[in-house]
Amino acid sequence: MFRVCCYILVFVAGGSQTCLPGAIPEGQRSNISQNGLSMPIGIASGDWQFNLILTDMMEILLKEALGYNVARVVTGSGLFKLLYVAGCRLEAPITCSLPSFHHITLEVMVAHTALTEWITAMEQLGDEAPVDLGSMGYEGTEGLFVFQEPRTKYLADTGLDLSYFFSYNASWFHPENYLATVDEVDMSQLRPCAESLHVEWPGLAQQYLSVTGDLDGIEYRNGEAHLICWRDTWWLAPACRSNASNCIAVVTGPEAWGKPYMVQQAAFHNMPLALASAVSTSAYQQITLQLKSLFYWWTPDPSFAAFQTSKVVFPQHNAGEYREGVYKTQPNSEPMRKLVSSGLATAASRANGLVANFYFLESDVSDLLALHVQSGSNPWHTACTWLKSHGDQWAGWIPAKTDCTAGKGLVDESGMFVSAGANAADCATCPPGRASLKWNNTFLCASCPVGSFQNSWGATECSLCDTGAIAAERGATQCSLCTLGQFANGTGMSFCFNCTMESGHSGQRELWTTSQEVIWETGSQIIQVQGATSSSFCSCTVGSFLKEGRCVACPVGTHCPGSNRLELLPGYFSSPDTPDDVYLCEESFCPGGPPGTCAENRDAESVACTLCLGGHREQRDGSCQPCSDSDYMLLLLLAAGIVAGVAALYVSLLQEEQAQQNRHVLVIVCGFSQFLAMLQMLAVIKRFDISWGEPFASFLIYSDILSLDFEMVSFTCVTMGPVETFALRALTMPAMVVVASMVYAAHKLTAFLLNGAAGANRVSARYLLRTVGSLFLMFFIILFSMLLAPFKCRAHPNGRFTVQGYGSVLCNGHGQHMQLFLIGGLACMMPLLFLSVCIWLVLVELPRRLTRSDTNFVRTCSFLIVRFRPGAEVFAVVLLIRNAVVVLCPIVSTNSTKLLMMSLVLYANQLLVALFRPWRFALCNFLDMVIVLGMLVILDMGSVTVRDSDHRATTAVVVIFLSAMFAAAFGTFFWAISRFFWLKIRKRFKFFLCHHKQGAGSMARLLKMELEVRLPGTRTFIDCDDLSDLTRLFSYVSQDTETFVILGSPQIFTRKWCIGEMVSARQSRVRTLLLAWPDMVAPDAVLIENYCSIVPDIGELVKFGISLADVQATLRFLSSVETLTLPGQLIHNIDQLIDSFTGIPHSKISRFSSKDTGSDFPILVDPGNLEAVASAMVLSALLKPLLLGTHLPIPSVLSQDFEIAQSAKMSLMLCSESCFKSEHVRTWLLQAYHAASCCMIPVIVQDGFQVPTASYVSSEFPVSAMDIEELHLYGVIIRALFQDIALIFLPQSFNREDLDLRAQQAARRLTAPQQTLKDKVVRLIESFHTPTLKLVA
């Protein structure tokens, strides 16, 4: 911006002056154009007089003779003039940019072109650097000059000449006595060193120190060296530094002209100099003329031309020292030169020619200097005067319009290029597409011929197109590269050859290209080449390859990078002979690359690298490793493991009865079966052609191991091919059946050896059948899936199919495929036959056997039905059918159909489990639903993965639900195992009360309450409180009970559920107590032998694994159990009875103590009915805490030995069957009637109780039993009692919460206002019209 402003200002200021006659008017002058910018011609001028004269002269000629607009910038530095023309910034660091706005500079000293700043600028600009147009015709010099007057005086006094350097040696002479010193200079006219010396020459101090070693003349500020200036103005030489008054004053220009030379010369030659800079050029001239002493000057320059001066001579110039920066010798006199910017010749050729011709002889210089002095020192007037008087001379400098220079050509008046000089009117720069050719004394712009080009302005020749490029027409500005599929194999060509024409190949044009393979250290890359130079570049395009002389499209699974090559992608295979016959394969088998490439140790002759080389086996990661002794040992260990596993399964099934009764063991068994089915279904999903993301893809590989997949076993070390391998795998299940048979035979033989024929007969064949059935059930999915392998064909890109899992076998119905098909078809009969047998057993045979109470059959089929609750055995068939359909899913051709088919099956499974809850345990139902839900989510994510290129989100969802499935399965295992061992330490129930609800339900409730009060923190089982799932009833006995108590009411031994509980207790060796009712009849031999006919529904226990033999054995067992007799006076003996149960004497007063039996709140109950008495005791126990703090006394059950007190306030009458026939009840009711303040509320404690009718008393109590009046009164009392609504309190039927609620209702009823029994009777009698009754009242 500074440069632009500078030349604009100068141009405007000087634009109005005119010098030459016939000058081109200002309005007709034009700018030049560079890089699209219009600008005047810029001149960089120095501020010294002679340079100003030459610049004014150049400006006048450019404006008035050539018609250009001109602008200039004036500087005091020769270096700055150069940098202006170069287009460089004047500040450090030097940076340059084009175009330059200053185009011409005159009087350039060669020394300035050796400066570091200029060299830096030239390195940046390169070919765009300013152009040296040669010498100005005269030489220039600079240095120290001395006026004649002091020189003459010094010479006269000393005989020494001040024009020689040695005369200034302060060690020998005193030149300061003849020359001006620093005291004579006006300090206000000087610039401080900080503004001149240190700014203009920032590196001078370090250079001076390195050359002279003068440490005293240097100081460091902020890490930079500076010359020390006395009074911040004068640099003092070492010769006079101790006394500045003896220093000769030398004043130079404001830009510190010449100081780099003078400081060294003063130091080296011991000259007593003090150097300073004037504030301006005019001040410099004024001080110099005032002192007329020693001063810095240069020539040519008119400033001091009017005076006699002499240059101080130093030793002869040493160019080598100057290159090293040592300025001890005389500066060299050098021709003054002229420089123009790089683009001036093109932008203004005549101006460029003018500068080139601008030349002065030494005599011309002398005339100019003299003229300048005479004209009053005005540079422009001097220049104008000289030009007017030397017209012939400068006219020779002006080039003719048709004298074209190289790079230009003749044009006519319209600016069109001409081919001869006849119509030429001017010159113009040759544009791209033309070259400037010499013609006579000028140049023509000729069009480039075909095959050549020219792309720059002002070119002097056309260039031939390189190989690979053409110029089809004349005047080309650039050559066109041959397009892909073409080449040019020579220079200067005007057309390209097609690959299909020249290379000898045939095929479609669009499939050909030109390419080249670039190879570097880490690999190679094929790049497309435009401008191919030979037919060797011809190749098929990316996506096609060369086959039989033709380019054909790349098949699926391959990558054609070009250069006629076909490369296989990882996971695909083809042979070298038929590279386009592509098969799918595992990436670990086929790493990709050239056709025929297989992973290490894989057979490239097999289909899709499926087989390992002979003597090698396949690893889980797909690699092939040499067979070793450890591999054969592994197969032996596998065989041994199968034998051991089958034997362990057989032995575990021998304990079926115990395992069946252990609920937690069954939970583990059910959970394991569900977990194994989940893993096997995941193994089926692995066979879907879905690209799963990690880590789920790796888990699917390991799921084969966890699911006990037979296909994971490699037999390649012992087999010859896929048929033999498949046959061995198909024989795995029959082999396990054989092993099971051998274990059974060994068991039977052992029993025979130990116990003879009887022992062998006890080894039932059902153990073998259960073992074989369990094996088939466990491996059903994997077995069926493995055997279906010949029916699962995998499609390949080439249209062929191979057997899935046996990729070396083609699905063509011939050869090996037919063998696999026959073996698989026959072997599939195993799972299908097993499925058919299971369907027949569960749907047909099981119901019939259950009606016949065939326990052996049920136990034989327990491997199928034990996992499910009674009544839901059909779900075993449902699961098998589900598994069969799941296995068939991979056979379907498309992934979407596979996913849909499997999803529908699992949705149906989920619905059935949710509706029917078929598993024996709720936890197993929950686990089943979690697993199936997880499988459904995985299938849904699989359908997304088929369409989604980014698997991260779907994989995250799959991993989350898979983790949930595993967590549910292992949570089930952990809960079941922990509960199993916990119950070994502490049972859930301290007592289990086995009772007939109608005969001993209330007694059971009473015993439960008393036992839990006596033993805090324990629980006692009764079904109305603790039984929510009937299928778990027997497991409560066998696993959760510490003491099993049989409440021996009369009908207890004919109740099937009670008998089942007794059988479970006996089989599980649970401690058993028999509490015998007074009227209980123990089972005798007749009952035991005829039990099936006496209790015909006992067969229903068969579904729980309880046979008639078990029942009979248990009935016999009862005679050996500990027996207690239920006491008659229960109220008085309940504590002793509880003591017998617990074995711990009770030290506290009984809640039913006899002292309370005559209380003011009696509870009346038939003492002959034990159930009613127990109900009364339960009600009494529940009411006592509720009535505390009320106006009522504490209730108590009235013993048969006590009467109702006359002070009784409230009473409850517990109504049971035939209770009003009791003499005790009749007496108590009459006593209550006569107790004036006694209220009474009826409470029904027995199901089926009927309120007595009017004829009840007379029919049940004849007159002979009591007098007529008493009989009528008793009847009225009973009728009056039921005038109020009776409370319902049934301990034998209600659970504890219901009983508490009933007790609270009774308490509210009791605390409410009541009528006395007598008032009720009187009111009832008054309503009668019978005189007898009124009389009684």
Side-chain angles (χ1 to χ4, degrees), residues 30-39 87 97-100 103 125-129 131 340-352 401-421 423-439 442-498 514 527-534 537:
S30 61
N31 287 345
I32 63 173
S33 179
Q34 284 189 296
N35 293 357
L37 296 176
S38 176
M39 63 186 76
S97 61
L98 295 176
S100 172
H103 310 93
L125 293 171
D127 294 338
E128 302 296 330
V131 179
V340 296
S341 63
S342 61
L344 184 63
T346 302
S349 60
R350 297 185 71 200
N352 191 77
K401 286 188 176 182
T402 57
D403 289 344
C404 301
T405 58
K408 295 196 174 189
L410 295 174
V411 295
D412 57 19
E413 293 289 346
S414 63
M416 301 297 293
F417 289 102
V418 297
S419 58
N423 299 322
D426 204 346
C427 295
T429 302
C430 294
R434 292 176 179 268
S436 179
L437 303 180
K438 183 72 174 178
W439 182 76
T442 186
F443 286 84
L444 299 175
C445 288
S447 296
C448 293
V450 294
S452 64
F453 75 102
Q454 183 51 256
N455 58 2
S456 60
W457 290 84
T460 58
E461 63 180 3
C462 294
S463 302
L464 292 177
C465 293
D466 293 334
T467 55
I470 61 169
E473 298 179 355
R474 292 176 56 85
T477 59
Q478 62 181 7
C479 295
S480 302
L481 295 177
C482 291
T483 60
L484 297 177
Q486 296 182 322
F487 65 92
N489 54 6
T491 59
M493 292 185 63
S494 60
F495 67 93
C496 297
F497 295 105
N498 289 327
T514 44
I527 59 174
Q528 301 294 308
V529 176
Q530 286 187 321
T533 58
S534 70
F537 288 88

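Any value given below was found using the heavy atoms of this structure, including those in side chains, with hydrogens, waters and symmetry copies removed.
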4.5 Å side-chain heavy-atom contact, Cys482 and Thr514: no
Heavy-atom side-chain contact between Pro432 and Trp457 under 4.5 Å: yes
Give the minimum heavy-atom separation between [X] and [Y], together with the two atoms involved.
X      : Y      : value
Thr460 : Ala435 : C-CB, 3.9 Å
Gln530 : Leu484 : CG-CD2, 3.9 Å
Ala129 : Ser342 : O-CB, 3.5 Å
Val450 : Ala472 : CG1-O, 3.5 Å
Leu437 : Ala446 : CD1-CB, 3.7 Å

Point-to-point distance, once rounded to the nearest 0.5 Å, from [atom1] of [X] to [atom2] of [Y]:
X      : Y      : atom1 : atom2 : value
Thr491 : Asp466 : OG1   : CG    : 8.0 Å
Cys430 : Phe417 : SG    : CZ    : 5.5 Å
Ser494 : Arg474 : OG    : CZ    : 12.5 Å
Phe497 : Ile470 : CZ    : CD1   : 10.5 Å
Leu464 : Met493 : CG    : CE    : 12.5 Å

Results of side chain to side chain contact (heavy atoms under 4.5 Å, CB included) for [X] - residues two or more places apart only:
X      : result
Cys448 : Ser452, Gln454, Cys462
Asn31  : Ser38, Pro40, Asn69
Cys404 : Lys408, Leu410, Cys427, Thr442, Phe443
Leu344 : Ile32, His103, Ile104, Val340, Ser341, Ala348, Asn352

List for me each residue that meets side-chain hydrogen bond (donor to acceptor under 3.5 Å, both in side chains) alongside [X], sequence neighbours excluded, and say none if there are none.
X      : answer
Ser436 : none
Asp426 : none
Gln528 : Thr513
Ser534 : Ser536

Pairs where residues 475-488 contributes a residue and the test side-chain hydrogen bond (donor to acceptor under 3.5 Å, both in side chains) is met, not counting sequence neighbours: Thr483-Gln486, Gln486-Asn498
